[in-house]
Each structure stands twice: as C-alpha cells, then as structure tokens.
Amino acid sequence: AALAAPRNAAFSVDAEPTPKKLVTGYNNYYEFGTGKYDPAASADQMKTRPWTIEVGGEVEKPQTIDIEALLKMQLQERVYRFRCVEAWSMVVPWVGLEFNQLAKMVGPTSKAKYVKFTTAMQPETMPGLRVPVLDWPYVEGLRIDEAMHPLTLLTLGVYGEILPNQNGAPVRIIVPWKYGFKSVKSIVKIEFVEQQPGTAWNKAAANEYGFYSNVNPNVDHPRWTQKRERALPALFASRQTEIFNGYGDQVASLYAGMDLKSNF
Amino acid sequence: MANAALADKPAARRGAPKPARGPDWVRWSKPVVLLAGLIPVARLVYGVFGNPDLLGANPAETIEHTTGDWCLYFLLITLSVTPLRRLTGWNWLIKFRRMLGLFAFFYGFIHLMAYLGFDMVFDAEAIVKDIWKRPFVTVGFAALLLMTPLAITSTRGWVLRLGGPRWARLHQLIYVVATLGVLHYWWLVKRDLTWPIIFAAMLAILLGWRVYMKVRKRPSARRAAA
C-alpha cells in the first residue's frame with residue numbers, strides 16, 4: 001500500500017537508492033530464519049494489525065500508541081545509507097517520523113537515560129523463534145541522546161509504501177550511523193530506562209557486537225574487516241566504509257571524548 | 001638428472017600394472033559425472049554474465065557460499081568412496097575418486113579466488129593481515145594450501161613416481177583438509193550452527209569408520225606376527 005511522503009532533502013544522501021527488490025528481498029530478520037532470503041519468503045504470514053506500541057518506563061505519560069495514529073502523523077521520506085555489520089551496504093528511501101516526536105508524546109523524565117526497544121514475538125508466524133539463536137524477544141537499545149537525535153527515524157514505510165513485513169512492519173527504528181542490527185524491527189514496546197539495557201546481539205556475543213556498534217572502519221569485527229563494504233549488488237567490496245557511516249558531521253559530537261575502540 | 005628421471009618415466013609406466021577397467025558403463029558415466037559436477041559453477045557463471053537475478057541480492061556472497069559448500073560436499077563424497085566400497089563391494093567406485101577429489105579442489109580454488117577478489121579486492125597487505133589475524137580464514141587458507149599437492153599428484157604418473165604407499169600416505173592429508181574445512185565453516189557462521197554441525201557429523205562418521213577399521217584390524221595383525 002502507498003505511503004507517500006515528501007522527501008526531506010536536508011536529511012537525505014545524494015546517492016542512488018539500491019533497487020527495491022534488493023532492499024525488500026535480502027534481510028536479516030532471524031525470527032523468520034537465519035538465511036537472508038528467509039524473511040522475504042516467509043514473513044507474509046505475520047500479523048501486523050491490530051498493532052500497538054506500549055510506551056512507558058521513566059516517562060510522564062505512559063501510553064499505548066496505535067499504529068494508525070502514527071500513520072496519520074506528518075511523515076517524511078529520507079534517503080539513508082544503511083550499513084550492515086556483515087560488511088554490505090545499501091541506500092534506502094525510508095518513510096517515517098523523527099523518534100523524538102514520539103518521545104514528546106510521552107515526556108521522558110530526567111531519569112530516562114536509555115531507550116529500550118522490544119520486537120514482537122509471534123510464535124505462530126515466526127518459525128525462527130523455535131531456534132534459540134538469540135535470547136528472544138529481540139531487544140535493542142540506544143542512549144537517550146542517540147534516540148532523540150533528529151537522524152533517528154521511527155520508520156513506517158520504504159520506497160513510498162507501507163513497510164513490507166520482512167523489513168520490520170509495521171514500525172521499526174532506523175539509526176543510520178550504526179550497524180543495521182541496532183535498527184530494531186516490528187516494535188511492540190518502547191521503554192525509557194535508567195540503566196543500559198541488555199541487547200540481543202550483545203548478549204549473544206559481547207566481543208563481536210558492542211552496545212554502541214557505531215559504523216567504524218577502524219574497529220574490525222573479529223571475523224572480518226570493517227574497512228570496506230560491498231555496496232549491493234556490486235561483486236567487489238570496494239566501497240571504503242566511512243566513520244559513523246558518513247554521518248559524522250551530525251553525530252560525532254554525541255561521542256566527544258569517548259574511546260570508540262573500547263566503546264565499540 | 002632431470003633427463004634421467006624423464007627417461008625413466010615410460011619404463012616405469014610400462015612396468016606398472018594396468019588398473020582394472022571395471023564395467024563398461026563406468027567408462028561412459030565418467031563424462032556424465034564430470035558434467036554434473038560442473039553444474040553449480042555453470043550456474044554461477046551464467047548468473048554473473050547472463051542473469052544477475054539468479055544470484056540474488058548479494059552475488060559475491062552467493063558465489064562464495066556456493067563454492068564453499070560444494071568444496072565441502074565433494075570432500076565428504078570423496079571420503080565416502082572407500083567406506084562405500086568396503087560396505088557394498090562396489091569396487092568401480094574407485095574410478096570416480098580422483099575426479100571427485102579434483103572437484104573439491106576446483107570449488108575450493110574458486111572459493112579462495114572469490115574471497116581474494118570480491119572481499120579483499122586483491123589488496124595484498126589486507127589479505128596477509130586477514131589470513132594472519134582471523135582463525136577461520138587461516139584454517140580455510142591452510143586447507144586449500146594442503147589440498148594443492150593432492151591435486152597436483154592426482155595423476156597416474158605421480159602415483160608411480162611416489163610409489164603407492166607413499167602416495168597413499170600423502171593423500172591421507174585429505175583427512176586434515178576436510179577437518180580444517182569444516183572448522184572454517186564452523187568458525188565463520190554468525191549464530192546458526194545447523195549446517196556446520198551436519199557437516200561435522202558426516203565427517204566424524206567418515207573418519208570414525210576409518211579409525212574403527214584400523215583398531216579392529218590390529219589384534220589380528222598382532223596374531224599374525226606372533
């Protein structure tokens with residue numbers, strides 16, 4: 001279904017978007033299997049209506065937000081670079097709103113230091129949940145200033161349409177300067193919390209997937225280099241990876257004085 | 001020296017026993033096996049040059065996974081030849097073993113080339129660092145290095161030059177190669193170990209059978225010596 005929104009050029013990169021078939025056909029969504037073609041093949045069974053997000057924790061007005069209410073808000077299109085921790089990348093035209101707009105609706109208190117996102121669990125439609133590859137449900141987290149950054153997009157669509165299930169329908173987060181797994185899919189719960197939340201990949205392999213996981217060519221993954229990336233569908237991984245995925249001008253200040261090697 | 005060795009060769013060849021021909025259908029089925037073994041690589045070549053959709057969103061990854069998988073399949077198939085012969089008495093199976101082993105090398109070689117080219121963009125310094133730093137790359141690379149002398153000495157001429165027992169001992173390196181290959185796969189997967197476990201189990205059965213046969217043979221050998 002169409003989900004047209006005007007493009008926000010100031011927040012869009014100039015690059016040519018990756019073909020839609022790739023964006024919607026090649027996904028990591030382990031709830032539907034660990035193969036990258038599994039989600040597109042099996043996610044159509046997923047139920048995305050009715051859908052609500054429970055927003056609570058350290059906030060003034062905890063509430064349950066209906067997906068229809070979000071769809072009625074002023075949406076915009078943003079063309080972001082997307083860099084997977086597996087050293088491939090895409091350029092994707094997302095549709096959504098700034099996460100800080102949702103935050104304003106609930107009013108985080110001064111105790112809210114982090115935001116914890118939880119993905120839906122639908123055992124009847126998600127065959128991957130039967131396999132304990134991760135500690136389900138999938139949980140991710142951001143520091144509050146990262147979450148409130150204008151680049152952090154609460155995403156409802158892609159390519160001018162409602163998000164396909166394999167891309168994280170009906171609502172996900174996109175944090176373009178971090179590796180893709182930080183951008184949680186199919187969100188059912190958002191909690192503003194005081195302590196850094198335990199996150200799915202960090203719990204599974206802390207030495208490989210740090211809490212921050214900012215795109216950084218100078219910090220290798222233990223099993224491969226992060227210096228280069230394959231801009232799909234290219235054969236050769238000849239694109240040089242940029243620090244913060246090229247968003248350094250906007251986000252580097254969030255990490256001023258931090259050692260990005262130990263806080264990877 | 002070199003000339004003498006060359007001059008020796010035809011004589012050695014003449015003196016060697018001709019291998020049994022086996023049933024007729026074995027001879028004409030060899031080209032069929034050869035063509036069948038080339039299907040996966042033909043599909044990749046067609047994918048790159050003819051129909052990109054065939055290889056999915058990440059063609060380089062598809063090429064690397066496909067060639068890596070087929071290298072392991074052929075290693076395991078090659079290792080199955082001897083147990084199958086012993087268990088079924090189908091001695092003609094041995095006629096296919098060299099080709100199967102060479103296919104393992106062939107797919108392993110393309111796999112390595114894809115990694116050097118597509119992943120590392122032939123950056124020599126990065127390649128050396130990568131092989132040195134990452135255990136899964138190290139063992140994969142070692143496996144391919146160890147397979148190379150086996151591929152070279154796979155000809156009848158080399159069997160004669162080395163002598164049967166020595167040749168056989170050299171080719172026992174395939175046990176190491178297959179183990180390193182499975183380890184390479186095991187260490188590279190992110191979370192889902194299903195396939196590495198399946199490969200490891202098959203390898204364990206194939207190698208375990210050999211150990212079992214050796215152990216079972218020993219007491220009788222001792223009795224014979226006494």
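Per chain, numbering begins at 1; letters A, B, ... match sequence-line order.
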Lys/Arg N to Asp/Glu carboxylate O, A/Lys185 vs A/Glu31, below 4.0 Å: no
Cationic N near anionic O, under 4.0 Å, A/Asp220 to B/Arg134: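 Looking at A/Asp220 and B/Arg134, the cut-off is met.
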Interface moiety of A/Arg230 toward chain B, non-hydrogen atoms closer than 4.5 Å: side chain
Interchain contact, A/Asn28 with chain B, by part (heavy-atom threshold 4.5 Å): side chain
Polar side chain donor-acceptor pair, B/Asn91 to B/Arg85, under 3.5 angstrom: yes
A/Ser186 side chain to A/Tyr29 side chain, donor-acceptor N/O pair below 3.5 angstrom: yes
Pairwise side-chain contact, [X] with [Y], heavy-atom cut-off 4.5 Å (strictly under):
X	Y	answer
A/Trp88	A/Tyr26	yes
A/Arg81	A/Arg239	yes
B/Leu206	B/Ser80	yes

Among the listed options B/Asp130, B/Thr194, B/Val189, the residue most often paired with chain A at heavy-atom distances under 4.5 Å: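 Most pairs with chain A among the choices: B/Val189.
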Winner by heavy-atom pair count (cut-off under 4.5 Å) against chain A, out of B/Lys129, B/Arg191, B/Met120: B/Arg191
Greatest number of heavy atom pairs closer than 4.5 Å to chain B - which of A/Pro19, A/Ala204, A/Ala234: A/Ala204
Best-contacting candidate, A/Met90, A/Glu86, A/Glu208, against chain B by heavy atom pairs under 4.5 angstrom: A/Glu86
Close approach to chain A in residues 47-63 of chain B, criterion heavy atom under 4.5 Å: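 Residues in range: B/Val48, B/Asp53, B/Leu55, B/Gly56, B/Ala57, B/Asn58, B/Pro59, B/Ala60, B/Glu61, B/Thr62, B/Ile63.
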Close aromatic pair by centroid cut-off 6.0 Å: A/Phe181 and A/Tyr209: yes
Check: B/Phe96 ring centre within less than 6.0 Å of B/Trp90 ring centre: no
Proximal component of B/Ala114, with respect to chain A [non-hydrogen, under 4.5 Å]: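 For B/Ala114, neither part sits under 4.5 Å from chain A.
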